[in-house]
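Structure record follows, encoded as structure tokens.
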Amino acid sequence: MKPAITVRSSRFSFIFEKRTVIINLILFFLAVFACVIGPMLGHTLLSPYEVVTALFGNGSGANEFIVMQSRLPRTLLSLVAGAALGVSGMILQGIVRNPLAAPDIIGVTGGGAVAAVIFLTYGAGLSIQFLPLAAVTGSLLVAVLTYFLAWQRGITPIRLVLIGIGISAIMSAGTTFMIVVSSAVTASQAYLWLTGSVYGASWNDVGILVTVVFLTIPVTMVFSRSLNTQQLGNDTALGLGVRLQLDRLILLLFSVILAGSAVALVGAVGFVGLIAPHIARTLVGKTHGALTLASASSGALLLFGADLAARTLFYPVDIPAGVFTAGVGAPFFLYLLFRNRHHM
Amino acid sequence: MKSLEAKDVRFSYDDKLILNDLTVTIPKGKITVFIGGNGCGKSTLLRTMARLLKTEKGMILLDGEDISTRKTKDIAKQMSILPQGPSAPEGLSVEQLVKQGRYPHQSFLKQWSLEDEKMVSKALRATGMTEHALSAVDELSGGQRQRAWIAMTLAQGSDTLLLDEPTTYLDMSHQIDVLDLLYELNEKEQRTVVMVLHDMNLACRYAHHLVAMRNKTIYDAGAPDDIMTKKMVRDVFNMECMITNDPIFGSPMVIPHGKGRMADESSIRAKAK
């Protein structure tokens with residue numbers, strides 16, 4: 001037995017691996033720490049003291065504006081969006097039993113992108129506030145389409161991935177087509193969105209995403225035991241009494257809601273959903289309860305780091321965070337393909 | 001006494017009929033083995049009985065109750081299944097695998113009860129896997145790996161154990177090792193064991209009850225001594241044979257006709273000594 005803590009009473013019983021608990025706590029505190037670091041850095045450097053006083057409304061007017069209206073919401077949005085993408089990726093990799101699965105690969109991100117570009121091209125009369133709604137609708141529609149096309153007396157992971165990849169390709173063709181036919185202004189707006197940028201984060205965005213993440217993650221943890229048994233294969237999971245198709249549908253839905261709403265608010269940031277679960281697995285192992293929290297924190301810190309680099313390194317140019325996640329993510333994806341070449 | 005029963009069960013894969021309205025009863029507390037030629041439907045029958053496949057018609061009764069009307073988690077407490085060639089994720093330890101067997105007894109609030117802990121260590125002991133508890137399943141030998149999976153089904157705490165070709169891909173000594181383990185589990189704890197085997201001689205040696213299948217239905221069922229005849233082998237396997245008795249166990253032994261090299265008499269006499 002690895003060092004573990006067991007908590008038991010007549011009504012409940014839990015077991016935690018010590019190492020896992022410590023790592024998850026460290027990750028959580030790093031994310032909290034990011035909430036101070038994020039607002040400190042930028043064109044005007046602020047001290048931790050200035051940030052904290054601004055947070056509590058005692059700072060100077062200028063500092064308070066920088067922290068409360070710009071840097072803090074942006075920091076928070078990058079953290080929660082990253083967490084959402086990380087958990088979404090973990091769920092997909094879990095139900096598909098393949099470490100290469102990610103929301104961007106099975107078309108969830110692509111669906112959001114097409115919907116967003118259509119919205120930017122044809123929705124001229126509508127307020128830009130509706131863009132997230134359009135994107136999340138697109139993600140959901142594509143996910144439903146993929147699910148039904150993959151259905152054959154139930155869903156098999158391999159069908160889901162293959163059809164997802166196909167749909168994803170169609171979506172990117174659709175996006176390109178829309179950009180080609182739209183005006184130059186719309187096209188550049190669309191490009192910015194498509195690469196993924198946390199630029200222009202509002203408290204409203206933060207509120208929406210925090211709600212989604214804090215509702216979805218605990219429920220995902222309830223289903224984490226089902227995900228653990230699913231790793232043993234369909235037959236074993238069914239034999240152990242898992243309601244396989246139902247659990248899979250619910251988990252897939254969570255994954256889409258998480259990725260869809262993150263992508264809707266920060267744009268089509270790629271690769272966070274792919275990498276975060278891998279980092280989490282190397283840190284806390286393969287048990288999905290602990291893995292859910294670790295994937296959330298890893299995703300949060302990844303996107304936070306990418307956005308921080310994006311807005312500070314090339315100041316005054318604000319580079320989309322997606323450029324940095326892709327810069328790290330694409331080589332990592334190739335590395336995974338290379339490492340898994342014997343298992344495909 | 002009956003524990004598991006298939007009644008008028010029909011099943012087809014994409015319009016291809018696999019099981020044609022067949023009925024079979026599994027005796028409680030005994031070892032039952034399904035035999036038959038390739039594609040006769042023996043694995044499919046086992047999988048329908050384990051509720052891995054849904055019957056088109058007819059029903060599966062577990063202790064007299066239709067399993068389709070019961071909660072799948074409750075069934076898992078009474079019946080466990082070891083599928084053919086199961087694969088564990090890379091690096092999963094034997095202990096982690098065996099712990100999964102407790103799934104039907106757990107809930108979000110009850111994740112690791114004292115009972116869970118006891119059953120897991122009991123299952124590891126019964127299969128002789130305690131010392132390998134921390135080893136990775138995918139790094140064990142074929143026979144040990146199969147033991148680890150059997151330990152998982154034991155941790156489930158069910159009376160009935162269904163195994164789909166548990167000896168496939170194993171060399172002879174590991175086959176015997178796995179079958180001996182199942183024999184002991186039946187002998188000591190009166191667990192009902194149902195499995196599909198390819199080797200007729202091993203089937204005759206370990207089974208109390210044989211179910212021979214042919215052409216999508218049951219050809220014959222009963223004690224190996226009663227049903228293992230030349231005619232049965234001819235009809236079920238489409239093969240001529242001679243039936244003698246196993247020199248060690250006395251159970252029926254099938255020696256197929258066909259071609260082969262004849263050994264010279266001096267070497268036969270030497271072996272007999």
Side-chain angles (χ1 to χ4, degrees), chain A residues 1-17 93-94 96-99 152-154 218-247 281-282 285-292 339-340 342-343, chain B residues 13-14 46-47 50-54 70-93 95-97 99-117 120-121 133-134 137 149 152-153 155-156 158 161-164:
Chain A
M1 284 286 275
K2 288 187 182 168
I5 308 158
T6 313
V7 187
R8 282 187 187 128
S9 86
S10 56
R11 295 243 187 100
F12 60 85
S13 56
F14 294 98
I15 184 165
F16 307 101
E17 252 178 48
Q93 292 176 7
V96 170
R97 288 222 280 164
N98 189 318
Q152 193 187 44
R153 297 168 177 244
V219 196
T220 306
M221 292 189 64
V222 174
F223 280 88
S224 64
R225 290 174 324 105
S226 170
L227 265 179
N228 288 340
T229 57
Q230 287 181 38
Q231 304 315 302
L232 305 177
N234 292 356
D235 287 351
T236 308
L238 284 169
L240 286 169
V242 175
R243 295 160 308 168
L244 195 57
Q245 292 301 337
L246 182 67
D247 287 8
R281 261 191 296 270
T282 39
K286 295 181 176 175
T287 312
H288 283 82
L291 196 56
T292 307
R339 211 187 60 178
N340 286 290
H342 300 304
H343 303 290
Chain B
Y13 262 126
D14 304 326
L46 190 87
R47 290 163 57 79
R51 77 186 174 320
L52 302 183
L53 299 172
K54 270 208 182 88
R70 300 186 52 199
K71 272 188 167 175
T72 177
K73 248 187 170 182
D74 290 340
I75 297 171
K77 291 176 190 168
Q78 275 177 271
M79 176 169 79
S80 37
I81 166 93
L82 181 59
Q84 191 179 347
S87 77
E90 196 186 330
L92 190 82
S93 75
E95 187 188 40
Q96 283 172 315
L97 175 69
K99 276 182 172 179
Q100 303 274 8
R102 297 302 295 164
Y103 180 85
H105 302 271
Q106 295 168 330
S107 64
F108 180 65
L109 291 177
K110 285 194 174 170
Q111 300 203 355
W112 189 238
S113 67
L114 205 57
E115 176 78 4
D116 292 337
E117 198 172 321
V120 167
S121 59
L134 296 180
V137 179
W149 281 93
M152 186 207 78
T153 61
Q156 219 172 314
S158 60
L161 179 53
L162 272 53
L163 308 101
D164 192 358

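Just so it is clear: chains get the letters A, B, ... in the order the sequence lines come, proteins before strands, and each one is counted from 1. Treat the numbers as computed from the prediction; the structure is a model and nothing was measured.
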Inset, instruction - Identify which of A/Gly241, A/Ser224, A/Gly289 forms the greatest number of heavy-atom pairs closer than 4.5 Å to chain B. - result: A/Gly241

Relative to chain A, which segment of [X] carries a heavy atom at a distance below 4.5 Å: side chain, backbone, both, or neither?
X: B/Arg47; value: side chain
X: B/Ile81; value: side chain
X: B/Met152; value: side chain
X: B/Gln100; value: both
X: B/Ile75; value: neither

May I ask you to test the [X]-[Y] pair for a side-chain heavy-atom distance under 4.5 Å?
X: B/Arg51; Y: A/Leu238; result: no
X: B/Leu114; Y: A/Arg8; result: yes
X: B/Pro89; Y: A/Leu232; result: yes

Supply the atom-to-atom distance [X] [atom1] to [Y] [atom2], rounded to the nearest 0.5 angstrom.
X: B/Glu90; Y: A/Gln231; atom1: CD; atom2: CD; result: 12.5 Å
X: A/Asn228; Y: B/Gln96; atom1: CG; atom2: CD; result: 9.0 Å
X: B/Glu117; Y: A/Ile15; atom1: CD; atom2: CD1; result: 7.0 Å
X: B/Thr72; Y: A/Leu246; atom1: OG1; atom2: CG; result: 11.5 Å
X: A/Lys286; Y: B/Leu92; atom1: NZ; atom2: CG; result: 7.5 Å

Heavy-atom proximity to chain B below 4.5 Å, by part of [X]:
X: A/Ser226; value: both
X: A/Arg11; value: backbone
X: A/Val242; value: both

Please determine, among [options], the option with the most heavy-atom pairs under 4.5 Å with chain A.
options: B/Gly91, B/Pro83, B/Ser80; answer: B/Pro83
options: B/Ser87, B/Ala50, B/Pro86, B/Ala88; answer: B/Ser87
options: B/Lys73, B/Lys77, B/Gln84, B/Met79; answer: B/Lys73
options: B/Pro104, B/Ser107, B/Ala133, B/Ser93; answer: B/Ser107

Search all heavy atoms of [X] against all heavy atoms of [Y] and return the closest pair with its distance.
X: B/Gly101; Y: A/Leu240; answer: CA-CD2, 3.7 Å
X: B/Phe108; Y: A/Phe14; answer: O-CE2, 3.2 Å
X: B/Ala76; Y: A/Gly239; answer: CB-O, 3.5 Å
X: B/Tyr103; Y: A/Asp247; answer: OH-OD2, 4.3 Å
X: A/Thr6; Y: B/Trp112; answer: CG2-CD1, 3.8 Å

Inset, instruction - Would you confirm whether B/Gln106, through its side chain, and A/Arg225, through its main-chain N or O, come within 3.5 Å as a donor-acceptor pair? - result: no

Legend entry - Residue A/Arg243 excluded, over 12 heavy atoms near CZ under 6.0 Å: no

Inset, instruction - Step through the shown structure and confirm whether more than 12 heavy atoms of other residues, nucleotides or ligands are within 6.0 Å of NZ on B/Lys110. - result: no

Legend entry - Given A/Leu244, A/Asp235, A/Asn234, the one that forms side chain to side chain contact (heavy atoms under 4.5 Å, CB included) with B/Leu52: A/Asp235

